[in-house]
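Structure first, then comments.
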Amino acid sequence: MPQHLYRGWYQVGFEREIRDKVTPLRIGNLRLLLVKQENEFGAYNATCPHRGAHLAFGGTLDRGAIICPFHGYRIGLGSDSDCQFKTPRYRTLAVGGLLFVLLSERHENGLTRLLEELNATHYLVPGFTMTAQAPAELVVENGFDPAHFQSVHRLKRRPNLKLSPGDSGELHLSGTFYAEAFETAWHNGAVQDAGTEMQFLAQVISPNVCVSRLGENTVISGSTPNGNGSCTIRVSVAAPATEDGSPPSQQAIRALLRDSKLAYEQDLVIWENRIHDAPNRLTPEDDLILAFQKFCMRFEDEESAANEAHATCSVR
Ligand code: FES
Ligand SMILES: [Fe+2]
């Protein structure tokens, strides 16, 4: 049974982790083959259409194809290959050291443009990785849960968040945070004056990728299911140049990453000890969570991405 997967973007790693020409990756139960050639990346379904071998474990590249390690057939990389057997390609995005894969072209939702613009105007710094024993979608859903900011992150005031549609199919969640109560998370390493308001905007690109701005800083979060009930959270940051045009200080970047990590650690205690299939009794105050869940449903299709990959993986 292929695991249910939303068909949007997933962060599959950081470029610094990809050292080989052929690397196995996974998004839930979908097994991927990542091909790196001269800093260009291609992601393909890793399951050999002949008899199911994993092409990234022992496969060798050969002029637009990979030689399967099991019976030695040439498997064409991409549905337009002339090979008898071929495996479908998924769009990849490598920007500023971050690496993403898109499972359906229908749900690009502007991530490419957003990150390229951010990379051109900010210093984008690949950050850290954490594993959580929790469903991947809980990570992005967290931003839609105003009440938890008070109890988990100890904000004194509940942020007044509101939703609006983005121009490219993404969802915008915006509001105001009060820095006096947010000193343990996301501030810029400097003590804020009590009562300082910070504008917050989260651009939710897919159920698993979110780009959030708080004040001048941006945090890029990806949460990718591992196929065993856990997920991998990857967090990176982007900061503008300082006033004299020089790069942001290492100290400021480190503080931003440290505070983001601290915030996730606060959430992790809740996430990892929650019963994920317990019945929910949502209140009217949980409206935003329902809106996020509705947004996620747009990324569902009759068939899962894994199914689609299998079906298009046919003999020519
Ligand atoms: S399983 Fe790949 S060639 Fe047979
Ligand atoms: Fe949180």
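For ligands, and for the atoms within them, numbers begin at 1 and follow the listed sequence.
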Shortest non-hydrogen contact from G8 toward H107: CA-CB, 4.2 Å
Exercise: identify the closest heavy-atom pair between T176 and N160: N-OD1, 3.2 Å
Crowding at CD, E272 (>12 non-hydrogen neighbours, <6.0 Å): yes
Neighbour count above 12 (heavy atom, 6.0 Å) for R274 CZ: yes
Apex the Fe ion (ligand 2); atoms H148 NE2 and D267 OD2; angle rounded to 10 degrees: 150°
Y264 near the Fe ion (ligand 2): N/O/S under 2.8 Å: no
Closest non-hydrogen atom pair between F200 and S212, with its separation: CE1-CB, 4.1 Å
H276: partners by ring pair (Phe, Tyr, Trp, His ring centres under 6.0 Å), with sequence neighbours left out: none
Presence of N, O or S from D145 under 2.8 Å of the Fe ion (ligand 2): no
Proximal protein heteroatoms (N, O or S) of atom 2 (Fe) of ligand 1, under 2.8 Å: C48 SG, C68 SG
Whether over 12 other heavy atoms sit under 6.0 Å from N273 CG: yes
